[in-house]
Amino acid sequence: MTGVLEREFDIEQGNFTEAGEASSKIKTILKQLGIDMAVMRKVSIASYEAELNTVIHSYGGKLYAKISPQKIELIFQDTGPGIEDVELAMQEGYSTASDEVRNMGFGAGLGLSNIKKCSDDMKVESSPAGTKLTITFNV
């Protein structure tokens, strides 16, 4: 592959039926491109965690994927309410998920910490207007 392959996916607030679809499509693209399995696994885990966080905690958003021979960049951009305390949210086990979400098996408070562990670089920008999460993986 030469150049950059770009894709965009919508992520709907509270839509647990479709949650994980964008991440699954990214994984399919990476398989087709012959990306190393270890990299693909890390991308899949981080993408799924970020997608679920968008479904659970935001008013909806988008995933922008940029895939090149050197790196994979995933940008999750959502609308409000933002992450009040990013440093606290990075701690394993910390969650603001509702009881309803937890009863569905989500919201264990491992999302951001798992994303950080899987990625080569992670940047979080958040305000009450929304959150932008940029995750980078070296290929």
Side-chain angles (χ1 to χ4, degrees):
M1 175 178 106
T2 59
V4 177
L5 176 66
E6 296 187 34
R7 294 288 184 271
E8 180 180 314
F9 304 92
D10 290 320
I11 304 171
E12 187 180 342
Q13 173 193 23
N15 188 345
F16 290 93
T17 304
E18 300 283 326
E21 286 295 317
S23 299
S24 180
K25 290 176 182 174
I26 295 290
K27 184 176 180 180
T28 298
I29 292 167
L30 297 179
K31 277 184 184 178
Q32 292 170 345
L33 294 173
I35 300 296
D36 178 75
M37 286 295 287
V39 173
M40 191 173 19
R41 180 180 176 278
K42 291 192 291 185
V43 171
S44 295
I45 292 167
S47 178
Y48 181 77
E49 294 281 12
E51 186 174 353
L52 258 291
N53 277 352
T54 305
V55 169
I56 293 168
H57 299 289
S58 80
Y59 305 140
K62 292 191 177 287
L63 161 58
Y64 303 95
K66 298 178 183 180
I67 303 165
S68 75
Q70 295 79 29
K71 73 177 181 176
I72 299 162
E73 182 178 68
L74 304 178
I75 301 168
F76 289 83
Q77 179 75 55
D78 69 46
T79 54
I83 302 170
E84 192 171 313
D85 186 334
V86 173
E87 192 174 316
L88 183 59
M90 290 296 300
Q91 295 178 18
E92 271 189 32
Y94 177 79
S95 178
T96 58
S98 68
D99 288 339
E100 180 183 4
V101 169
R102 289 175 196 253
N103 288 337
M104 288 189 287
F106 303 109
L110 300 172
L112 288 176
S113 59
N114 277 344
I115 294 166
K116 186 167 180 68
K117 287 177 190 174
C118 290
S119 66
D120 291 300
D121 188 53
M122 181 178 111
K123 182 177 177 185
V124 180
E125 301 168 64
S126 194
S127 75
T131 300
K132 180 180 181 182
L133 173 65
T134 304
I135 316 164
T136 307
F137 308 86
N138 297 324
V139 176

>> Does atom CD (Glu84) have a neighbourhood of more than 12 heavy atoms from anything else shown, all under 6.0 Å?
In response: no
> Taking 4.0 angstrom as the limit, do Lys117 and Glu49 come out as a salt bridge?
Replying inline: no
>> Using every non-hydrogen atom in the two residues, find where Glu51 and Glu21 come nearest and quote the distance to one decimal.
In response: OE2-N, 3.4 Å
> So does Lys62 have more than 12 non-hydrogen atoms from other groups sitting under 6.0 Å from NZ?
Replying inline: yes
>> Set out, in order, the CA-CA distance, both residues' side-chain angles and the distance that settles side-chain contact (heavy atoms from CB on, under 4.5 Å) for Leu33 and Leu5, then state yes or no.
In response: CA-CA 10 Å; Leu33 294 173; Leu5 176 66; 4.0 Å; yes
>> Using 0.5 Å steps for rounding, measure from the CZ atom of Phe16 to the CD1 atom of Ile56.
In response: 5.0 Å
> Which heavy-atom pair separates Ala46 from Cys118 by the least distance, and what is that distance?
Replying inline: CB-CB, 4.2 Å
> Do the side chains of Ile11 and Phe76 get nearer than 4.5 Å, heavy atoms only?
Replying inline: yes
>> Nearest 0.5 angstrom please: Lys42 NZ to Asp36 CG, how far?
In response: 8.5 Å
>> To the nearest 0.5 Å, what is the distance between OG1 on Thr136 and NZ on Lys123?
In response: 10.0 Å
>> Has Ser24 got a side-chain atom pairing as donor or acceptor with Gly20's backbone, closer than 3.5 angstrom?
In response: no
> Can you name the nearest heavy-atom pair linking Thr54 to Gly60, along with the distance?
Replying inline: CG2-C, 4.3 Å
> How far apart are the closest heavy atoms of Tyr94 and Ala89, and which atoms are they?
Replying inline: CD2-CA, 3.5 Å
> Is it true that Val86 and Leu52 fall in one hydrophobic cluster, defined by side-chain heavy atoms closer than 4.5 Å?
Replying inline: yes
>> Using only atom types and a distance under 3.5 Å, with no angle test, would you say the side chain of Asp120 pairs donor to acceptor with the backbone of Asn138?
In response: yes
>> To the closest 0.5 Å, what do you measure between CZ (Phe137) and CD1 (Ile35)?
In response: 12.0 Å
>> Which heavy atom of Ser58 sits nearest to which heavy atom of Gly61, and what is that distance?
In response: OG-N, 4.5 Å
>> Within this structure, what is the OG1-CD distance for the pair Thr79 and Gln13, rounded to the nearest 0.5 Å?
In response: 7.5 Å
> Is any side-chain heavy atom of Ile75 less than 4.5 Å from a side-chain heavy atom of Lys132?
Replying inline: yes
>> I'd like to check Ile72 versus Ile26 (side-chain heavy atoms, cut-off strictly below 4.5 Å). Are they in contact?
In response: no
>> Is there a path of hydrophobic side-chain contacts, each under 4.5 Å between heavy atoms, that joins Ile45 and Val39?
In response: no
>> So Met90 and Lys116, do their side chains get closer than 4.5 Å, heavy atoms only?
In response: yes
> Out of curiosity, does Val139 fall in the hydrophobic cluster containing Val43 (side-chain heavy atoms, cut-off under 4.5 Å, transitive links)?
Replying inline: yes
>> Measuring from atom NZ of Lys31 to atom OG of Ser44, what distance do you get when rounded to the nearest 0.5 angstrom?
In response: 8.0 Å
> With hydrophobic residues grouped by side-chain heavy-atom distances under 4.5 Å, do Val55 and Val124 end up in a single group?
Replying inline: yes
> Backbone N or O of Ile135 within a donor-acceptor pair of the Ser119 side chain at under 3.5 Å?
Replying inline: no
> Quick one: do Ile67 and Met122 end up in the same hydrophobic cluster if we chain Ile, Leu, Val, Met, Phe, Trp and Tyr together by side-chain heavy atoms under 4.5 Å apart?
Replying inline: yes
> Do you know the tightest heavy-atom contact between Leu88 and Asp85?
Replying inline: N-OD1, 3.0 Å
> If we only count heavy atoms from C-beta on, is the Leu112 to Ile83 side-chain gap below 4.5 Å?
Replying inline: yes
